Protein chains: 2
Amino acid sequence: MTLPPPPGVGSSQRLAPAPQLAEMLMQIPWLCHVANATIERLAQQAVLHRVPAGSILFEQGEIPTFAPWLLHGAVELVGVDGDNEVMIETLQPFDLLLPAAILNRQPFLTRARALEASHLALIQADTFRDAVASDHALCLAILACEAAQFRRQVKLAKNLKLRPAEDRVGCYLLALVESHAMATTIRLPIEKRRIAGQLGMTRETLSRTLGAMANYGLRITGDTITVTDAQALRARFRLDPLIDAPEPIEPGPPLAL
Amino acid sequence: MTLPPPPGVGSSQRLAPAPQLAEMLMQIPWLCHVANATIERLAQQAVLHRVPAGSILFEQGEIPTFAPWLLHGAVELVGVDGDNEVMIETLQPFDLLLPAAILNRQPFLTRARALEASHLALIQADTFRDAVASDHALCLAILACEAAQFRRQVKLAKNLKLRPAEDRVGCYLLALVESHAMATTIRLPIEKRRIAGQLGMTRETLSRTLGAMANYGLRITGDTITVTDAQALRARFRLDPLIDAPEPIEPGPPLAL
DNA sequence: GCTCGGCTTTGATCCATATCAATGCGTCAG
DNA sequence: CTGACGCATTGATATGGATCAAAGCCGAGC
């Protein structure tokens with residue numbers, strides 16, 4: 001796997017002292033039950049990779065040589081065929097990128113691209129596999145990560161196949177509003193282009209649909225959302241926890257003895 | 001979770017002697033590195049469940065009380081909203097059904113329905129969680145299972161979003177033909193209704209598309225496929241291993257010490 | 001043999017969403 | 001100030017696939 005010096009802005013810095021990397025990994029909530037020794041072992045051979053927005057982290061079809069661990073920023077996984085791309089998932093800290101491929105020495109099924117300037121820990125693939133095979137607590141943690149990612153994938157699929165575009169947008173916005181305690185005015189957290197991708201539609205369709213939200217008590221101008229009629233909004237869109245609830249990585253129980 | 005006595009044909013039999021259940025589990029290839037003692041422990045509290053085609057194994061939203069393990073037959077996972085259903089995945093032996101939900105005590109995200117008469121091992125959820133938390137080899141095996149299911153999910157999504165209906169059908173058939181060493185005449189392995197579901201389209205669309213395959217060297221009558229022009233077929237449809245290759249559960253390496 | 005029910009086929013039509021094209025608008029560099 | 005570029009909006013149009021409706025086929029049971 002090559003790390004192309006991304007075009008444009010400052011080149012990526014691969015080198016970073018390992019000791020502080022171990023500390024960063026220890027901050028990860030879902031690694032709370034993993035022994036420090038193991039985390040240090042992972043960090044030993046790892047490097048911190050800082051990349052600007054737009055960088056390709058790996059290409060579809062490559063055999064992984066390291067496990068990329070998202071510490072800061074955002075990354076999207078996209079399926080590619082010729083020149084068209086489709087969004088598969090967007091990842092946030094502290095997700096591991098496609099652990100399934102790394103563990104089984106299988107090719108990555110997607111391309112990964114940084115959506116914003118991001119920091120990743122790159123862990124040697126062999127080191128990673130050995131650690132998972134020799135440390136039970138780590139194995140449980142990775143299982144939890146993989147489980148969360150699977151469930152997110154299922155939720156995405158349900159959202160996409162079960163709801164028309166307008167409902168997807170409405171539920172997305174309603175969830176956003178509710179997470180802000182129904183404040184009457186809030187901001188879109190990310191670019192519209194990315195929202196459209198996550199909701200599986202084109203920017204044009206999103207744009208039109210946002211306009212149509214006025215009928216349901218929501219006005220969107222630029223990146224500002226104003227709730228004009230919370231009741232109408234709730235009447236029109238019903239959140240389904242089996243689709244709309246976030247799917248955090250659960251650390252799970254400590255090792256049973 | 002209730003197990004409704006399925007309407008129609010003979011009622012499901014839940015009781016089966018545990019000893020032979022342990023033996024059945026030991027046959028599972030991807031458990032090859034798990035100690036027999038652990039498997040026996042799992043089988044101890046488990047029951048063998050035989051269900052006729054059409055049975056609902058569990059309902060979307062239920063909190064799992066046991067881990068259903070498919071030993072024989074076929075099961076589909078479907079997302080439900082009101083009265084319409086969408087196919088999420090179809091499982092084959094020896095898949096575990098939604099291990100993510102069981103491990104994290106989270107609700108099932110889908111309904112599960114037997115597509116044909118099937119046998120499942122039902123393992124007490126607590127027993128299952130304890131075993132995974134106390135046996136590292138088992139934990140690795142479940143991780144491999146979950147990883148395979150994640151990758152299948154990504155492949156499904158790519159197939160659906162990257163290819164139009166005709167391509168999906170063509171690639172499905174081409175893969176089928178190739179797996180039979182390009183024999184000139186083979187049979188559809190499952191009902192068309194189910195193929196349509198797996199490929200994310202209606203039966204009507206599948207029917208029409210199968211007709212259109214005549215243009216590309218393939219004639220389908222009933223459930224019989226005849227290859228009339230292998231070259232034309234290959235010229236029209238290109239298999240992509242990152243979409244069309246099956247995703248078996250890899251047992252992975254034995255425990256590192 | 002006949003009839004019934006499930007699956008499939010075929011045809012006509014509809015509709016949600018993509019696509020294409022043009023314009024607008026805000027921001028940053030010079 | 002002035003381009004110019006990236007993103008967003010708006011409108012017109014196209015189209016893939018769904019939906020609705022009506023036969024057709026075929027195996028199972030009587």
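Reminder, nothing fancy here: chain letters follow the sequence lines and each chain counts from 1. Just so it is clear, the model here is predicted, and its values are computed rather than measured.
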What about B:R193, does its side chain sit under 3.5 Å from the base of C:dG6 through a donor-acceptor pair?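 Result: no qualifying N/O pair found.
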Report yes if a donor N or O on one partner sits less than 3.5 Å from an acceptor N or O on the other, where the partners are the side chain of B:R203 and the base of C:dT10; otherwise report no.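 Answer no: no donor N or O sits under 3.5 Å from an acceptor.
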Can you tell me if CZ on A:R194 sees more than 12 non-hydrogen neighbours from other groups inside 6.0 Å? yes
Please work out whether the ring planes of B:F237 and B:Y216 are parallel, tilted or perpendicular, with thresholds of 30° and 60°. perpendicular
How long is the line joining [atom1] of [X] and [atom2] of [N], in whole Å?
{"X": "A:I225", "N": "D:dA8", "atom1": "CD1", "atom2": "P", "value": "14 Å"}
{"X": "A:R194", "N": "D:dG6", "atom1": "CZ", "atom2": "C1'", "value": "16 Å"}
{"X": "A:L188", "N": "D:dC7", "atom1": "CG", "atom2": "P", "value": "16 Å"}
{"X": "B:R208", "N": "D:dG17", "atom1": "CZ", "atom2": "P", "value": "12 Å"}
{"X": "B:D167", "N": "D:dG17", "atom1": "CG", "atom2": "C1'", "value": "14 Å"}
{"X": "B:I220", "N": "C:dT8", "atom1": "CD1", "atom2": "P", "value": "14 Å"}
{"X": "A:I190", "N": "D:dC7", "atom1": "CD1", "atom2": "P", "value": "14 Å"}
{"X": "A:L206", "N": "D:dT10", "atom1": "CG", "atom2": "P", "value": "12 Å"}

Please determine whether a side-chain nitrogen or oxygen atom of B:T202 lies at a distance below 4.0 Å from atom OP1 or OP2 of D:dA18.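 True: B:T202 side-chain N/O within range (under 4.0 Å) of D:dA18 OP1/OP2.
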Check whether any side-chain nitrogen or oxygen of A:S207 sits under 4.0 Å from OP1 or OP2 of D:dA8, and answer yes or no.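 No, outside the criterion.
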I'd like to check A:L48 versus A:L120 (side-chain heavy atoms, cut-off strictly below 4.5 Å). Are they in contact? no
Evaluate the side-chain proximity of A:K161 to A:L156: yes if any heavy-atom separation is below 4.5 Å, no if none is. no
Assuming nearest nucleotide by heavy-atom distance, tell me which of A:E204 and A:A165 is located more 5' along DNA chain C. A:A165
